[in-house]
Amino acid sequence: MDADLSQGIALFGDFFDAIGLSVAIIDQDGRYAYYNQECSQLDDYTAEQALGTYLLELYPELDENSSTLLQALRQGCSYRNHYQRYRNPRGKAVHQVHTTLPLKRADGRIVGAVELSRDLAVVSPLHQALVDLQQGVAEEGDGGLTGIITDDAAMKQLIHQGRRLARADVQVLIHGETGTGKELFARLLHQEGPRAERPFVVLNCAALPEPLFESTLFGTVRGAFTGAEDRRGVLESAHGGTLFLDEINSLPLSIQGKLLRALQEGTFSRVGSGAEVRVDVRVVAASNESPQRMLDERKIRPDLLYRLNVGSLAVPPLRERLRDIPLLAQSFLRKHGKVTGHRVQRISHAVMERMLRYHWPGNVRMLENVLLRSLILCEGGDELDFLLLEDEGEAAQRRAEERRPPAAPPPDAEGTLEQRMARYERRLLVDCLEGCANLTEAARRLGLPRATLQYKLKKHGIQLARTVLG
């Protein structure tokens with residue numbers, strides 16, 4: 001063993017024993033030079049068995065490529081918060097998150113590698129208890145009445161602010177990123193205000209072509225244009241209640257002036273009619289852009305904005321309220337449980353960790369869609385143990401396509417036609433697997449039965465990466 005490595009282990013050994021994490025160190029030959037008690041508990045090897053033993057002798061299912069410790073030693077690779085799933089010698093599935101680093105001398109020569117691991121199973125009972133407790137609070141509190149599931153302090157304050165605005169019966173502008181739950185806040189404003197027993201009407205401004213805005217909003221009279229009939233618009237349908245205008249930044253400027261007049265005067269005319277219709281409507285508007293951005297990009301008239309923005313609610317993105325992710329995930333699991341016949345009862349701790357690390361650009365709506373898609377592809381068991389994130393899959397697919405070989409093997413390739421075709425098929429299989437969450441997805445993309453794909457993987461000696469969930 002390198003003298004500097006030996007000295008470092010002697011110096012920091014007591015610290016490694018005290019930090020409560022699994023710590024393993026290998027020397028320049030890939031043999032264990034340090035192996036603490038937490039490692040023994042995790043992998044069922046004693047320190048005496050491990051020390052001086054070559055890594056792959058202890059873990060024969062690993063190889064030079066799949067062992068992060070050996071990759072750090074041979075290639076100088078570093079892994080931080082890296083998820084790994086494997087089976088220990090007793091066959092028990094181990095889920096861990098680890099950091100693996102090469103150990104270098106002052107001259108830059110690698111003399112070993114260290115791996116610090118956290119066993120996710122250790123925190124699982126406390127984690128599940130916390131989820132259950134938070135879910136109970138949500139069901140008894142805000143979630144049961146408003147549909148807003150949260151344990152985030154900022155969100156709770158926003159709900160309190162929304163209730164005060166609801167009782168004030170003023171116009172409100174809600175803004176926040178797509179998928180954050182703005183409509184839930186609009187319903188809160190309606191349900192907890194004086195108009196709760198009256199209609200709640202929704203109009204998604206982004207879903208209408210521009211020629212239909214005026215007739216949809218204000219209604220029509222027979223003969224106003226070819227095919228026109230006497231029909232109420234959404235403004236008249238919401239009389240006495242609340243009109244929720246979603247994505248108000250998509251409302252044409254030509255219609256905004258007429259809407260402003262209706263709000264100011266409480267009257268409007270149907271398309272094709274000069275008769276005024278009087279309405280009493282509370283308008284709640286939502287936008288996926290900030291008020292200032294809408295003004296800067298001239299997507300809303302300033303006078304209409306000031307009219308709507310009497311009350312303002314800014315809904316934070318999901319990445320800023322991580323405490324809500326376990327609550328929302330458990331709620332969606334119950335909501336969509338029927339897709340698996342309610343077979344899947346819980347979410348694995350590895351998947352929960354992954355959800356907590358992800359940035360969720362589509363927010364709560366994306367979380368629900370990802371969980372539903374993952375449930376549909378969940379092959380067995382009562383636990384959801386993989387997560388199909390669409391942008392990760394697309395990124396992997398793009399990387400695979402960048403490395404994809406030409407449509408036919410190059411003419412100067414060596415070997416017989418059969419050997420060339422076998423190499424080509426193997427590359428295609430590997431590239432496809434890198435962009436898929438599991439074998440079922442890969443088989444679907446390749447147009448093969450799952451059993452045929454398994455046969456081909458075995459034929460070509462392809463092993464699934466153990467760092468991929470599912």
Side-chain angles (χ1 to χ4, degrees), residues 61-68 70-71 75 77 79 82-87 93 95 339-340 344 347-348 350-351 353-355 357-362 366-367 369-381 383-470:
E61 69 175 41
L62 296 177
D63 56 33
E64 291 274 349
N65 294 324
S66 59
S67 168
T68 49
L70 290 178
Q71 283 292 302
Q75 307 296 332
C77 302
Y79 302 86
H82 187 266
Y83 171 76
Q84 189 170 37
R85 183 178 67 179
Y86 62 93
R87 293 191 178 275
H95 297 260
V339 302
T340 65
V344 179
I347 299 170
S348 77
V351 167
E353 288 273 339
R354 191 180 186 192
M355 288 193 293
R357 294 195 305 268
Y358 192 60
H359 60 290
W360 299 111
M366 180 183 182
L367 172 61
N369 291 340
V370 165
L371 268 174
L372 175 57
R373 183 168 58 249
S374 301
L375 280 172
I376 292 171
L377 295 175
C378 186
E379 298 177 354
E383 184 176 75
L384 181 64
D385 62 354
F386 76 95
L387 200 65
L388 184 57
L389 292 167
E390 54 193 14
D391 60 338
E392 289 186 357
E394 290 168 0
Q397 185 67 18
R398 285 196 299 271
R399 290 194 299 271
E401 289 175 355
E402 290 171 359
R403 296 192 300 271
R404 192 175 300 279
D412 59 343
E414 296 180 357
T416 65
L417 176 62
E418 183 178 354
Q419 291 171 335
R420 298 183 193 184
M421 292 300 294
R423 289 196 296 268
Y424 183 66
E425 183 178 68
R426 190 182 194 282
R427 286 198 297 270
L428 291 177
L429 291 173
V430 170
D431 287 346
C432 182
L433 286 170
E434 288 182 353
C436 296
N438 55 29
L439 283 179
T440 300
E441 175 68 10
R444 184 187 65 78
R445 289 192 183 182
L446 292 169
L448 296 174
R450 194 174 188 273
T452 302
L453 176 58
Q454 289 176 310
Y455 164 78
K456 288 182 177 292
L457 296 181
K458 185 176 181 180
K459 171 187 172 183
H460 292 292
I462 299 172
Q463 295 183 351
L464 297 180
R466 293 169 178 82
T467 56
V468 177
L469 292 174

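Sequence positions, counted from 1, serve as the residue numbers for this chain.
Using a 4.5 Å heavy-atom cutoff, the side chains of Met355 and Trp360 are in contact. At a threshold of 4.5 Å between non-hydrogen side-chain atoms, the residues Ile347 and Leu371 count as touching. For the pair Leu367/Tyr358, no side-chain contact is recorded, criterion being any heavy-atom separation below 4.5 Å from C-beta on.
With sequence neighbours excluded, the residues that form a side-chain hydrogen bond (donor to acceptor under 3.5 Å, both in side chains) with Arg444 are Glu441. With sequence neighbours excluded, the residues forming a side chain to side chain contact (heavy atoms under 4.5 Å, CB included) with Glu425 are Leu429, Lys456, Lys459, His460, listed by chain and number. Looking at residues two or more places apart in sequence or on another chain, you find a side chain to side chain contact (heavy atoms under 4.5 Å, CB included) between Asn369 and Arg365. In this structure, Gln454 has no side-chain hydrogen bond (donor to acceptor under 3.5 Å, both in side chains) partners at least two apart in sequence or on a different chain.
Note that the CG atom of Asp63 and the CD atom of Gln71 stand 8.5 Å from one another [nearest 0.5 Å]. Rounded to the nearest 0.5 angstrom, Leu387 CG and Arg354 CZ are separated by 5.5 Å. Atoms CG and CG, on Leu377 and Leu384 in that order, are 10.0 Å from each other to the nearest 0.5 Å.
Nearest heavy atom pair, residue Arg426 against residue Gly461, reads NH2-O, 3.6 Å.
A donor-acceptor contact shorter than 3.5 Å is absent between the side chain of Arg445 and the backbone of Cys432.
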